[in-house]
Amino acid sequence: MTKRTRLLLVMTLVCCMLAPFSSPFFGIVVFSLGGWLDRPCEIIGTEQLRSPDGKWDAIVRAEACGGAIGTLNEYVYLVPAWATTPPGPDQRVLEADPVINPRPIGLTWSGQDVLTLTLPTGLHITRREQARDGVSFLYRPEQISGAPGGQ
Amino acid sequence: MSDLVVPFVIHWDGEPEPDLTGIDNPVRVPFQFVPFESKGGRQPKIANEDATRIGREAVALRFQTVANADRATQVVLPDGTPVVDPATGRALMMPGFVSLEGNVLTGLALQGMAATAPATREVILYFFFRQGGLMDYQRTGVDGPIPYEANYRDFGNYNFGLVGAAAGYSLQFLLVMAGRYNRKVNPKSSDNSFGLPDRNEKWIRAGYADFQAHVLGHL
């Protein structure tokens, strides 16, 4: 039995003990604790590209988090090359919500310190940065071959 | 995808009836043999040389099938109203094995539970919708866990609004519960004041509203 399973069982026991005192507010407590206990986000796709000078890694990831009411997001991270820890929320330069199935964001280093991000159609950008730590970011919509105006 | 185990018997002309003892409803598969001459006389040669399971004994072969239950189907409410995204006109899809009425009845049962064992309602609701829970259709198929299925994301939120409404929660409480959960599993600066992506909130609201307008009184 894993630590998380044990915690869930303890939580269930505590909930049952508190039953006579509960109310819809109790649901908020249960879901807050549940979110804390649930498994971390599931990475369902990832690509990584090192900068020409070898200083940075650009990482694009599709992450499915939570359960039925969870989220699916695509993130682009900028992390120092050879970083030993996994990228964290404070290293995100772009947060996006794929409309249906996630399609990877294209990454290209256009210079030592310019990262070009090619955004597939149907991607809803919720946050993006223009520059960070001396690296600037260019955003370009994906050109669909055969589409009007496409290359 | 699901596994279908079929009793499989290779049967050919000229041989006595294979021993089918212990096999229920065996499936007879037509099999073509090409006769050829050999030292020992006339013997069958198998047209498909790769087929190794040849004999008179019945064997069970495992087939990968796409069951109807796993196929996506459009969400239609008990009064016959199809659910579509008002912004795009796209139909909301759910797995074929899901019974919307069953889910609503489950929610109503939880509401009944609230009177006698209130905490149980909250805990059961959480276990239904948690990662890998029975109503996490992005990860749970008809036979158990499935690889992540992004297309059921909107239905997951819609179903939460629907079942939560049936369980007797107000919309405000459902949104706060979902938001608190999301803030723990995946905090993002772009989330709204509830702690939810706007898209999740939209579908929870839709599920809640549809329960009030199209489900209540039609079961």
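Bear in mind that the values here come from a model prediction, so they are computed numbers and not experimental data.
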Asks: Go through the atoms of B/Arg139 and report whether side chain, backbone, both or neither lie under 4.5 Å from a heavy atom of chain A.
Replies: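 Contact with chain A: side chain only.
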Asks: What distance separates B/Gln131 CD from A/Leu37 CG, expressed to the nearest 0.5 Å?
Replies: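 Those atoms lie 12.0 Å apart.
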Asks: What part of B/Asn182 is in contact with chain A, defined as an atom under 4.5 angstrom from a non-hydrogen atom: side chain, backbone, both or neither?
Replies: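 Side chain only.
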Asks: To the nearest 0.5 Å, what is the distance between CD (B/Glu122) and CZ (A/Phe31)?
Replies: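 Going from CD on B/Glu122 over to CZ on A/Phe31, the span is 8.5 Å.
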Asks: Does a sphere of radius 6.0 Å around NZ in A/Lys55 hold more than 12 heavy atoms from other residues, nucleotides or ligands, not counting ones at 6.0 Å or beyond?
Replies: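 No, because the 6.0 Å sphere around NZ of A/Lys55 holds 12 heavy atoms or fewer from other groups.
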Asks: Name the option with the most non-hydrogen atom pairs under 4.5 Å to chain A; the candidates are B/Met135, B/Arg180, B/Arg153.
Replies: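 Of the candidates given, the most pairs with chain A belong to B/Arg153.
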Asks: Does CZ in A/Arg132 sit with more than 12 non-hydrogen atoms of other residues, nucleotides or ligands closer than 6.0 Å?
Replies: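 Yes, because the 6.0 Å sphere around CZ of A/Arg132 holds more than 12 heavy atoms from other groups.
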Asks: Count the heavy atoms of every other residue, nucleotide or ligand shown that sit under 6.0 Å from CD of A/Glu47, and state whether that count exceeds 12.
Replies: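 No, the 6.0 Å shell around CD holds no more than 12 heavy atoms from other groups.
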Asks: Please name the pair of heavy atoms, one in A/Cys65 and one in B/Val185, separated by the smallest distance, quoted to 0.1 Å.
Replies: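 Heavy atoms only, the tightest pair is CB-O, 4.3 Å.
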Asks: Determine whether B/Tyr148 and A/Leu72 make a side-chain contact, defined as any pair of heavy atoms from C-beta on separated by less than 4.5 Å.
Replies: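 They are in contact (side-chain heavy atoms under 4.5 Å apart), so the answer is yes.
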Asks: So, taking the atom named CD1 in A/Ile69 and the one named CD in B/Gln138, what distance separates them when rounded to the nearest 0.5 Å?
Replies: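 Spacing of CD1 (A/Ile69) from CD (B/Gln138) equals 10.5 Å.
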Asks: Could you give the distance from OH (B/Tyr126) to CG (A/Asp38), rounded to the nearest 0.5 Å?
Replies: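 Between atom OH of B/Tyr126 and atom CG of A/Asp38 there are 3.5 Å.
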Asks: Taking C-beta and beyond as the side chain, do B/Asp198 and A/His124 meet within less than 4.5 Å on heavy atoms?
Replies: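 Sidechains of A/His124 and B/Asp198: no contact.
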Asks: Could you check whether atom CZ of A/Arg61 has more than 12 heavy atoms from other residues, nucleotides or ligands sitting under 6.0 Å from it?
Replies: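 Correct, the count exceeds 12.
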